[in-house]
Participant: 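Following this message is one structure expressed as structure tokens.
Worth knowing before you read on, the calculation uses all heavy atoms, side chains too, and leaves out hydrogens, waters and symmetry mates.
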Amino acid sequence: MLSALRRVGYFRAVPAAELARLARRCRERALKRGEHAFEAGDACRGLLIVAEGAVEMRQVSARGREQVLHAEGAGATLGEAPLFDGQGYIASAVAVEPTRLVLIPKEAVLGLCRRHPAVALSMLEALAKRVRRFAGLVEDLAFRQVTERLARYLEASAAASGGLVPPGAVVDLALTREQLAARLGTVRELVSRALAQLERGGAIKRGRAGIVIRDPGRLGEAAQGGAPL
């Protein structure tokens, strides 16, 4: 568990001996794909570290429609907000592959923040970045059509390694249509329709290996709300 703590940027200022003591207070939990770490509204028990695997934070409507707020991989943390406001988790955490979590008890995290203000400031910075991402998500859902959202998602995925997106770049979504729809805040049928529209416009081509970016310029135009034609 100590190795998992060392991967978290929050704890860089914590002396090694104190971090080792903190590790002894932690508990591990293994999740299967599709299993929940916690549900929206559950009481916060502490800070969770994704030691291995990947987790999505999801909200589900009364009709069963899902919205993915963010996805986190190994080294990420979950549950900062309810640590400080005393309320329940704002969303459900679902493993999207076999995952191992490390739980740091709530009182241990708060005590660490009091002893080491740098830890609290680091967590505050992470929360601020998350708020900005949520603001971007709200903007997407409120003001952008599904085709535009999809084009932006594909463009960002293709550019994940940095630099410009070259023609012929392949995006391996590794997501079902339902999962992609949950990330884009829509339904599977509209995702399929948007993919077909981008393909007809010459921006992409669907293949067995993934989504091929045929024309980065046209994809970029669609991502800015222009017609993908």
Side-chain angles (χ1 to χ4, degrees), residues 32-36 39-40 53-73 76 90-99 129-229:
K32 299 176 182 177
R33 181 179 178 180
E35 192 173 357
H36 286 62
E39 302 276 1
V55 173
E56 286 184 347
M57 296 295 293
R58 303 174 181 172
Q59 287 188 333
V60 184
S61 73
R63 295 184 177 181
R65 183 165 158 181
E66 288 187 347
Q67 173 65 56
V68 175
L69 300 181
H70 56 100
E72 304 291 353
I90 63 174
S92 300
V94 185
V96 294
E97 60 185 67
T99 297
K129 289 178 179 178
R130 206 163 280 171
V131 168
R132 287 187 180 276
R133 289 204 302 270
F134 288 162
L137 177 61
V138 171
E139 182 181 354
D140 278 352
L141 296 177
F143 303 122
R144 294 189 173 95
Q145 299 297 317
V146 174
T147 302
E148 186 179 350
R149 282 181 247 160
L150 176 60
R152 286 166 60 86
Y153 184 88
L154 293 174
E155 190 175 49
S157 298
S161 58
L164 298 175
V165 179
V170 179
V171 178
D172 181 10
L173 291 176
L175 299 171
T176 65
R177 291 289 181 267
E178 289 85 354
Q179 290 170 328
L180 182 57
R183 294 202 176 190
L184 298 177
T186 185
V187 294
R188 180 183 63 183
E189 292 78 11
L190 292 182
V191 168
S192 296
R193 192 179 303 170
L195 283 168
Q197 185 178 0
L198 290 172
E199 189 166 29
R200 284 197 307 271
I204 66 169
K205 180 176 178 60
R206 289 175 285 184
R208 291 183 179 180
I211 307 295
V212 179
I213 310 301
R214 294 180 59 189
D215 190 327
R218 291 189 179 185
L219 184 64
E221 183 181 351
Q224 296 302 316
L229 299 174

Participant: Any non-hydrogen side-chain atom of L154 less than 4.5 Å from a side-chain atom of L198?
Facilitator: yes
Participant: Has T99 got a side-chain atom pairing as donor or acceptor with E97's backbone, closer than 3.5 angstrom?
Facilitator: yes
Participant: Show your working on side chain to side chain contact (heavy atoms under 4.5 Å, CB included) between Q67 and L141 and close with a plain yes or no.
Facilitator: CA-CA 10 Å; Q67 173 65 56; L141 296 177; 3.8 Å; yes
Participant: Donor-acceptor check, side chain of R33 to backbone of A95, threshold 3.5 angstrom: yes or no?
Facilitator: no
Participant: For A203 versus L219, what's the shortest heavy-atom pair and its separation?
Facilitator: CB-N, 3.8 Å
Participant: Quick check: closest heavy atoms across A223 and E155, and the distance to 0.1 Å?
Facilitator: CB-OE1, 3.6 Å
Participant: Minimum heavy-atom separation for A40 to S92, with atom names?
Facilitator: N-OG, 3.0 Å
Participant: Using side-chain heavy atoms (C-beta onward) and a distance below 4.5 Å, is R188 in contact with L180?
Facilitator: no
Participant: Should we say atom CD of E66 is surrounded by more than 12 heavy atoms from elsewhere, each under 6.0 Å from it?
Facilitator: yes
Participant: A side-chain contact here means heavy atoms from C-beta on lying under 4.5 Å apart; do L69 and Q59 qualify?
Facilitator: yes
Participant: Name all pairs fulfilling the salt bridge (Lys or Arg N to Asp or Glu O under 4.0 Å) condition that reach into residues 130-140, sequence neighbours left out, sorted by first residue then second.
Facilitator: E72-R130, E72-R133, E80-R130, E139-R144, D140-R144, D140-R152
Participant: Tell me the closest heavy-atom pair linking I211 and R206, and the distance in Å.
Facilitator: CD1-CG, 3.6 Å
Participant: Among R183, H70, Q179, find the one that has a side-chain hydrogen bond (donor to acceptor under 3.5 Å, both in side chains) with E56.
Facilitator: R183
Participant: Drop me the distance from I90's CD1 to M57's CE, to the nearest 0.5 angstrom.
Facilitator: 6.0 Å
Participant: Find out whether Q197 and R200 are in side-chain contact, i.e. whether some heavy atom of one side chain is under 4.5 Å from a heavy atom of the other.
Facilitator: yes
Participant: Could you pull out the closest heavy-atom pair between V191 and L150, with the gap in Å?
Facilitator: O-CD2, 4.2 Å
Participant: Without swapping roles, check the side chain of S157 against the backbone of Y153 for a donor-acceptor pair under 3.5 Å.
Facilitator: yes
Participant: Quick one: CD1 on I204 to CD1 on I213, what's the gap to the nearest 0.5 Å?
Facilitator: 6.5 Å
Participant: Just to verify, what does K129 make a salt bridge (charged side-chain N to carboxylate O under 4.0 Å, His left out) with, not counting sequence neighbours?
Facilitator: E125
Participant: If you take all heavy atoms of V94 and R58, which pair is closest and at what distance?
Facilitator: CG1-NH1, 3.8 Å
Participant: How long is the gap from CD on Q145 to OG1 on T186, to the nearest 0.5 Å?
Facilitator: 10.0 Å
Participant: If you define the side chain from C-beta out and look only at heavy atoms, does anything of P166 sit under 4.5 Å from P216?
Facilitator: no
Participant: If you measure from NZ on K205 to CG on D215, what distance do you get to the nearest 0.5 Å?
Facilitator: 14.5 Å
